[in-house]
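These figures come from a predicted structure and were not determined experimentally. Residue numbers start from 1 in every chain, and the chains themselves are labelled A, B, ... in the order their sequence lines are given, proteins ahead of strands.
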Amino acid sequence: MAARLDGAAVTGTARRGKYLWLVLDGEDALLAHLGMSGQMLITSPDFPVAAHERARFTFTDGGHDLRFDDQRTFGHLMYDEGGAVLPSPIAHIGRDPFDPLFDQAAVVARIKSRRTGIKRVLLDQTVVSGIGNIYADEALWAAKVHGEVAASSLSKPRISALIDAARDVMDAALAQGGTSFDSLYVDVAGTSGYFARSLNAYGLAGQPCKRCGTPIVREKFMNRSSHFCPVCQRKRY
DNA sequence: CCTGAGCCCTGGGGGC
DNA sequence: TGCCCCCAGGGCTCAG
């Protein structure tokens, strides 16, 4: 990878869902996924080496380095030849709700065709990308939908409203720099976001629902957690 | 097809 | 203090 990157020019940046890539010489891609704990940091060259620095990119036009830090190593970097427009390893990843070509009617129809639980579908990155565990819980809370409801049992307008809720909550989170619980979650300057203060369900087990006062419930789900209001978010309605 | 389980890792926090 | 267990913005593969 280092050999192929040597002398390459970064001519653009792109993203699809949770994947991001640097366009190299207009043709190739340096593809990255941050996993759970990855960070892309733009730093001064004399900035100290972090405990979990995995890669460092230096530039000939002076100024800053680009560093990839990752504590848990669930993140990864890949060089993809010819991947400038869409790297081949992520061809199966669906467009995210911020993509200008995101076809909401088509996504709604595809979700409607699934009989599994709606939260599982929201997290399926081949259907709609970019939604993770936090924003799935927040979108479900906002749209008053229980995550275990069969996707096929929801009406198309309700599914569409759920996607709108996911887009809205991610938009609001972006405006505040994201959801940071600790120093693992930072932007390229190492700054934490403030959206954790605005959460309505995620991580709030036992605390009163901000709509109805009923304590938020936490349940195990796919080796993770789901948080929801047992009154606002009905399994049947 | 769909689903759940397991796994890839490190580190922080709580209970004993 | 040490030890153990649980937990963490994710996603892949595999068996059934």
Side-chain angles (χ1 to χ4, degrees), chain A residues 15-21 31-41 49-55 68-78 87-94 96-98 109-142 147-153 166-188 190-206 216-227:
Chain A
R15 180 185 61 75
R16 175 174 287 204
K18 303 173 188 176
Y19 288 87
L20 56 96
W21 62 97
L31 178 65
H33 193 296
L34 302 182
M36 297 275 278
S37 54
Q39 304 175 344
M40 283 289 193
L41 299 169
V49 180
H52 304 293
E53 182 175 312
R54 309 296 180 182
F68 180 63
D69 285 15
D70 190 13
Q71 179 198 91
R72 293 175 65 189
T73 67
F74 284 3
H76 60 263
L77 300 171
M78 289 180 73
S88 52
I90 63 165
H92 64 293
I93 300 294
D96 61 69
F98 296 103
R110 188 160 171 211
I111 293 175
K112 177 84 178 161
S113 74
R114 296 284 209 99
R115 282 193 279 182
T116 189
I118 184 64
K119 179 172 176 183
R120 177 180 284 274
V121 182
L122 285 181
L123 293 175
D124 183 341
Q125 305 294 304
T126 68
V127 176
V128 50
S129 66
I131 304 174
N133 200 38
I134 290 181
Y135 301 123
D137 279 2
E138 292 300 308
L140 288 163
W141 183 89
E148 290 174 14
V149 169
S152 56
S153 73
R167 187 190 291 106
D168 287 348
V169 72
M170 290 192 286
D171 212 20
L174 281 168
Q176 295 181 57
T179 307
S180 302
F181 302 107
D182 54 42
S183 59
L184 277 185
Y185 309 109
V186 296
D187 65 13
V188 291
T191 306
S192 291
Y194 295 99
F195 193 69
R197 298 175 187 174
S198 305
L199 294 171
N200 291 310
Y202 186 87
L204 299 176
I216 296 292
V217 170
R218 171 173 169 271
E219 282 184 1
K220 291 209 169 206
F221 171 79
M222 290 173 74
N223 267 336
R224 298 198 177 82
S225 297
S226 284
H227 310 75

Discussion item. Can you give me the closest heavy-atom contact between M40(A) and L77(A), atom names plus distance?
Written reply: CE-CD2, 3.8 Å

Worksheet item: How close or far is atom P of dG11(C) from atom CE of M36(A), stated in whole angstroms?
Response: 10 Å

Response to the item:
Assert: residue with more 5' nearest nucleotide on DNA chain C, out of R218(A) and G35(A), is R218(A)

Worksheet item: What pair of heavy atoms forms the shortest contact from N133(A) to L123(A), and how long is it?
Response: N-CD2, 3.8 Å

Discussion item. Check this one for me: any side-chain N or O of K220(A) less than 4.0 Å away from OP1 or OP2 of dC7(C)?
Written reply: yes

Worksheet item: How far, in whole Å, is dC3(C) from dC9(B) if one measures between their P atoms?
Response: 23 Å

Worksheet entry | Atom pair distance, as rounded to whole Å: OH in Y185(A) and C1' in dG10(C) | 10 Å

Worksheet item: Under a 4.0 Å N-O cut-off, is there an ion pair linking K119(A) with D137(A)?
Response: yes

Practice prompt. Look at the rings of Y19(A) and H33(A) and say which category their plane angle falls in: under 30° parallel, 30 to 60° tilted, over 60° perpendicular.
Written response: perpendicular

Discussion item. Using a 6.0 Å distance limit plus a 45 degree cone around the ring axis, check whether R72(A) lies over the aromatic ring of F74(A).
Written reply: yes

Discussion item. Can you measure D69(A) atom CG to dC9(B) atom P for me and round it to whole angstrom units?
Written reply: 19 Å

Discussion item. How many whole angstroms separate atom CG of L122(A) from atom C1' of dG11(C)?
Written reply: 16 Å

Discussion item. On a heavy-atom basis, which atom in R15(A) and which in W21(A) lie closest, and how many Å separate them?
Written reply: C-CZ3, 3.8 Å

Fill in: Rounded distance in Å - CZ (R54(A)) to P (dC9(B))
11 Å

Discussion item. Let's see if you can work this out: which of dG11(C), dG11(B), dC2(B) has an atom nearest to the side-chain heavy atoms of T116(A)?
Written reply: dC2(B)

Item to complete: Compare side-chain N and O positions of S225(A) against OP1 and OP2 of dA8(C) and report whether any pair is under 4.0 Å apart.
Response: yes

Discussion item. Applying a 4.0 Å non-hydrogen cut-off, can you work out what Y19(A) is touching in the nucleic acid: base, sugar-phosphate, or nothing?
Written reply: sugar-phosphate

Worksheet, complete the sentence: Of dG11(C), dT10(B), dC2(B), the nucleotide closest to the side chain of R114(A) is dC2(B)

Worksheet entry | H33(A) side-chain N/O to dC12(C) phosphate OP1/OP2 under 4.0 Å | no

Worksheet entry | Gap between atoms CG and C1', on D182(A) and dC7(C) respectively (whole Å) | 12 Å

Worksheet, complete the sentence: Among the nucleotides dG11(B), dA8(C), dC7(B), whichever has the atom closest to the side chain of N223(A) is dC7(B)

Worksheet item: Could you give the CZ-to-C1' distance, from F221(A) to dT3(B), as a whole number of Å?
Response: 11 Å

Worksheet entry | Complementary nucleotide of dA8(C), counting Watson-Crick and G-U pairs under 3.5 Å | dT10(B)

Worksheet item: Using purine N1 to pyrimidine N3 plus N6-O4 or O6-N4 for Watson-Crick, or N1-O2 and O6-N3 for G-U wobble, both under 3.5 Å, which nucleotide pairs with dC1(B)?
Response: none

Worksheet item: What nucleotide, of dG6(B), dG11(C), dA8(C), holds the atom closest to the side chain of Q125(A)?
Response: dG11(C)

Worksheet item: With respect to the side chain of H52(A), which nucleotide from dC12(C), dG11(B), dG10(C) is positioned closest?
Response: dG11(B)

Discussion item. Under 4.0 Å, heavy atoms only, any strand: does H76(A) hit a base, just the sugar-phosphate, or nothing?
Written reply: nothing

Worksheet item: Is F74(A) stacked on the base of dG11(C) when the test is centres under 5.5 angstrom and planes under 30 degrees?
Response: no

Practice prompt. Give the rounded distance in Å between these two atoms: CZ of R72(A) and P of dT10(B).
Written response: 10 Å

